[in-house]
Every structure is written in structure tokens, then in C-alpha cells.
Asks: 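Below: one structure in C-alpha cells.
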Amino acid sequence: MSDMKYAIQVHPNANWHTSQQQARQLCDALLAEGAVIVAVFFYGQATQITALDVNHDWHGWDSDRSPLLVCSTLHEQQNNATEHHSMFTITGMSSWMQLSEQADQLVIIP
Amino acid sequence: MNRIIMTLAATDSASEWDARYLLAISHLNFDHELHLICLPGAVESCHWKDKQWQALALYDLAGCHHINTAPPIDSTPIDWKMARLLLSENQPTLHLCHWQNMDHLRYWVPLIADHDVLLVFGQLDCSTINQIQLQYPGLLFHVVNTSQHPHIKPNEAQHINHQQWAKLIRQHQVVLTWN
């Protein structure tokens with residue numbers, strides 16, 4: 001079992017739908033090993049995740065335990081939907097930086 | 001955790017350069033020790049203006065390094081071997097690659113050292129895996145296939161699941177993500 005703390009940054013270089021899907025499955029596997037996910041940060045193209053409504057892979061995720069953060073600057077630049085998303089928190093970089101500093105390791109999912 | 005090494009690659013799009021700049025500035029605002037490594041072709045394809053480069057330098061960028069072409073700030077010329085050393089200080093490294101094509105793989109492969117492991121996720125068929133094995137016979141690599149109709153048998157040697165991926169992360173202190 002592991003008590004490692006991970007910060008997960010979803011920062012795709014290709015198909016971002018696949019990146020967010022793979023990130024979810026990897027996070028589930030890390031949690032099953034006893035790891036802690038301090039936060040998941042959707043960056044770059046992955047900020048479009050808020051436009052997916054229900055077709056994302058984060059249903060059932062405990063966002064109180066491990067917040068799902070979306071970069072507000074890139075979110076606005078890409079003219080993504082701005083309505084309220086209960087699962088995702090659209091926020092500035094400082095929230096992510098503060099949370100990621102609590103982690104033992106940063107893992108970037110491309 | 002607060003030592004950040006950002007790789008800049010020729011493969012980054014214009015929007016990706018903007019995203020990397022915002023990330024770089026944010027790290028510096030948080031007094032993180034930020035190093036930049038410009039991989040071959042990165043400076044030529046860069047969308048940052050000179051003023052943006054200079055702002056990074058003024059914000060106490062810890063170091064800038066380049067392979068081939070230098071950026072418009074103080075930067076140290078290095079080779080692939082030195083880049084690998086900066087990125088992982090000679091520790092065994094897990095490389096993460098979201099599969100694009102063989103050109104993308106060839107671009108990043110020089111960063112792989114002996115005993116490193118490459119994890120590729122994406123839609124790879126058997127012929128692509130065979131091609132990788134033929135071109136890089138000593139390469140330790142695993143595949144997480146994301147295809148809904150994978151042409152890979154479950155017992156395919158390279159094919160692993162997310163539990164095994166998590167285990168690889170736990171086994172490696174350094175995880176290097178390919179842009």
C-alpha cells in the first residue's frame with residue numbers, strides 16, 4: 001500500500017478526450033493502492049472538459065476529497081461554457097500551485 | 001516538488017506555447033526553481049515574443065538550456081545526454097507518451113536512458129508495436145491501449161492495465177511527460 005500524495009495535471013498534446021479518460025482510470029488505480037490525489041488540474045486543451053456536460057469520465061469522483069480544477073485563464077481564452085459545473089472548479093493558477101505543493105509527486109498526463 | 005523543469009518542443013502548437021508561458025510565469029510567481037530545456041526546433045517554432053523571454057529571465061528563471069538553437073536569453077548549450085541528466089539526475093525515469101506517430105516518438109526517444117521505461121497510451125495496433133520493437137530493440141516499453149476495438153490480445157507482452165501503470169509510477173521517482 002502507498003501513502004504517496006500525487007498532483008495530477010491533465011495537459012494533453014493530442015486527443016484531450018483520451019487524456020481525461022486515461023487520467024481518471026489512472027487516478028482510480030492510484031487511489032486503490034492507497035495513494036492520495038491532492039488535486040486534478042485540467043490544463044491546455046483539457047479545459048474544454050466543462051463543455052462536455054455529462055460525457056466526461058469523472059462521474060462519481062469525490063471532488064471534496066480531491067478537487068477537479070480547471071484553469072480559468074485558458075478556459076476563458078477558449079470561450080468554453082461558463083455555466084456552473086458542480087464537479088469542476090474553474091480557478092486561477094494559484095489554487096493549483098498551492099495544492100500541488102502538498103504533493104510528493106506531480107504527474108502530467110499528456 | 002518545487003524544482004520544475006519544463007521542456008519546450010518543436011511539436012508544441014501556438015496555443016500550447018501560450019499555455020506553457022502561463023505555467024512558467026505561475027511557477028516563478030510561486031518561487032519555484034524553474035528550468036527550461038529547449039529541445040531541437042523549439043526556438044524556431046516558438047510563439048513567445050522576445051519580451052516574454054526577457055520577462056522570464058527577470059523573474060529569476062533558475063536556468064535555461066538548449067539543444068541546437070539558443071533562445072533570446074542567457075542559455076547554456078547542452079546535448080541530449082545532458083538534458084536527460086538535468087531532467088532526472090540519473091535516476092531511472094518513467095517516460096509518458098500519448099501516442100501520435102513514429103515521428104513524435106523519434107523526436108523524444110533520445111531522452112531515454114538505459115533502465116528507463118516508456119509508457120505509451122493511445123491507439124496502437126500490432127504493426128506499430130512491431131515497428132517500435134524493430135527500430136528500438138533494447139527499449140523497455142509498455143502500452144495502455146485506449147482503442148475501443150483494440151487489435152491487441154490481452155496477453156500481448158507490452159500491454160498493461162492501469163494498475164500496472166500506477167505501479168510503474170510508484171517505482172519511479174521521476175516521471176517525464178513528453179509534450
Side-chain angles (χ1 to χ4, degrees), chain A residues 1-35 37-38 41 43-48 71-75 77-78 92-110, chain B residues 1-7 9 11-13 15-32 94-101 104 107-108 119-123 144-148 160-179:
Chain A
M1 296 293 280
S2 162
D3 57 359
M4 282 280 286
K5 292 181 183 175
Y6 294 98
I8 306 293
Q9 181 178 324
V10 186
H11 189 169
N13 62 1
N15 182 343
W16 66 269
H17 292 87
T18 301
S19 301
Q20 64 86 27
Q21 178 201 57
Q22 294 301 301
R24 172 64 199 262
Q25 293 186 56
L26 178 64
C27 285
D28 285 343
L30 289 168
L31 290 172
E33 286 198 340
I37 309 288
V38 297
F41 186 55
Y43 197 65
Q45 294 173 39
T47 58
Q48 296 174 63
C71 174
S72 58
T73 307
L74 298 184
H75 187 266
Q77 280 179 7
Q78 296 185 13
M93 295 294 283
S94 59
S95 302
W96 164 241
M97 291 287 161
Q98 284 167 1
L99 283 167
S100 66
E101 284 182 347
Q102 297 171 17
D104 300 306
Q105 192 170 18
L106 167 67
V107 177
I108 302 171
I109 308 298
Chain B
M1 184 62 204
N2 292 339
R3 180 174 184 264
I4 304 290
I5 301 188
M6 186 179 288
T7 51
T11 48
D12 290 335
S13 64
S15 61
E16 190 51 33
W17 278 102
D18 290 343
R20 290 198 182 278
Y21 191 77
L22 176 62
L23 201 54
I25 286 287
S26 301
H27 281 302
L28 293 172
N29 280 337
F30 269 73
D31 291 328
H32 293 167
L94 174 65
H95 299 254
L96 291 186
C97 168
H98 188 160
W99 178 254
Q100 294 183 34
N101 50 47
H104 182 249
Y107 183 85
W108 286 88
L119 183 136
V120 185
F121 69 89
Q123 297 187 20
V144 176
N145 197 291
T146 60
S147 171
Q148 290 182 335
I160 63 169
N161 59 29
H162 293 87
Q163 283 71 36
Q164 291 162 307
W165 182 356
K167 190 177 173 187
L168 285 172
I169 287 176
R170 204 179 61 221
Q171 290 169 341
H172 290 84
Q173 286 189 13
V174 180
V175 178
L176 172 62
T177 299
W178 295 3
N179 305 0

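Each chain gets a letter, A, B and so on, in the order its sequence line appears, and its residues count up from 1.
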Asks: Count the heavy-atom pairs under 4.5 Å between each of B:Ser13, B:Gly122, B:Ala166 and chain A, then report the option with the highest count.
Replies: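 Of B:Ser13, B:Gly122, B:Ala166, B:Ala166 has the most heavy-atom pairs under 4.5 Å with chain A.
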Asks: Does anything in residues 172-179 of chain B reach chain A? List residues with heavy atoms under 4.5 Å apart, or say none.
Replies: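 Within residues 172-179 of chain B, the residues under 4.5 Å from chain A are B:His172, B:Gln173, B:Val174, B:Val175, B:Thr177, B:Trp178, B:Asn179.
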Asks: Please check: side-chain N/O of A:Gln22 versus main-chain N/O of A:Ser19, any donor-acceptor pairing under 3.5 Å?
Replies: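 No; judged by distance alone, with no hydrogens or angles, the pair does not exist.
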Asks: Answer yes or no: is there a donor N or O on one side and an acceptor on the other, between the side chain of B:Asn2 and the main chain of B:His32, under 3.5 Å?
Replies: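 No: the side chain of B:Asn2 does not pair with the backbone of B:His32.
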Asks: Return the CG to NE2 distance between A:Asn13 and B:His104, rounded to the nearest 0.5 Å.
Replies: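 Going from the CG atom of A:Asn13 to the NE2 atom of B:His104 covers 5.0 Å.
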Asks: Chain A: which of B:Leu23, B:Ile25, B:Val144 shares the most heavy-atom pairs with it under 4.5 Å?
Replies: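 Among B:Leu23, B:Ile25, B:Val144, the one with the most close pairs to chain A is B:Leu23.
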Asks: For the CE atom of A:Met97 and the CD atom of A:Gln102, what is their distance to the nearest 0.5 Å?
Replies: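 Separation between the atoms: 13.5 Å.
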Asks: Roughly how far apart are A:Leu30 CG and B:Trp165 CH2, rounded to 0.5 Å?
Replies: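 Here the rounded value is 9.5 Å.
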Asks: Go through the atoms of B:Gln100 and report whether side chain, backbone, both or neither lie under 4.5 Å from a heavy atom of chain A.
Replies: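 Contact with chain A is through the side chain of B:Gln100 alone.
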Asks: Tell me, for B:Ser15 versus chain A, whether the close heavy atoms (under 4.5 Å) come from the side chain, the backbone, both or neither.
Replies: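 Neither part, no heavy atoms under 4.5 Å.
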Asks: I need the minimum non-hydrogen distance between A:Met93 and A:Cys71, along with the two atoms involved.
Replies: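 Residues A:Met93 and A:Cys71, closest heavy atoms: SD-SG, 3.9 Å.
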Asks: Is A:Cys27 close to chain B through its backbone or its side chain, or both, or neither, when contacts mean heavy atoms under 4.5 Å?
Replies: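 It is neither, since no heavy atom gets under 4.5 Å.
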Asks: Can a donor-acceptor pair be found, under 3.5 Å and without considering hydrogens, that links the side chain of B:His98 to the backbone of A:Pro110?
Replies: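 Confirmed, B:His98 side chain pairs with A:Pro110 backbone.
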Asks: Heavy-atom distance under 4.5 Å to chain A: side chain of B:Phe30, backbone, both or neither?
Replies: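 B:Phe30 touches chain A through backbone and side-chain heavy atoms alike.
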Asks: When you measure from the side chain of A:Gln20 to the backbone N and O of A:His17, does any donor-acceptor pair fall under 3.5 Å?
Replies: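 The answer is yes, because a donor-acceptor pair under 3.5 Å joins these two groups.
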Asks: Given that the side chain runs from C-beta out, which part of A:Gln45 has a heavy atom under 4.5 Å from chain B: side chain, backbone, both or neither?
Replies: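 The answer is neither part of A:Gln45.
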Asks: For B:Ala19, does its backbone N or O pair with a side-chain atom of A:Tyr43 as donor and acceptor, under 3.5 Å?
Replies: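 It does hold such a pair.
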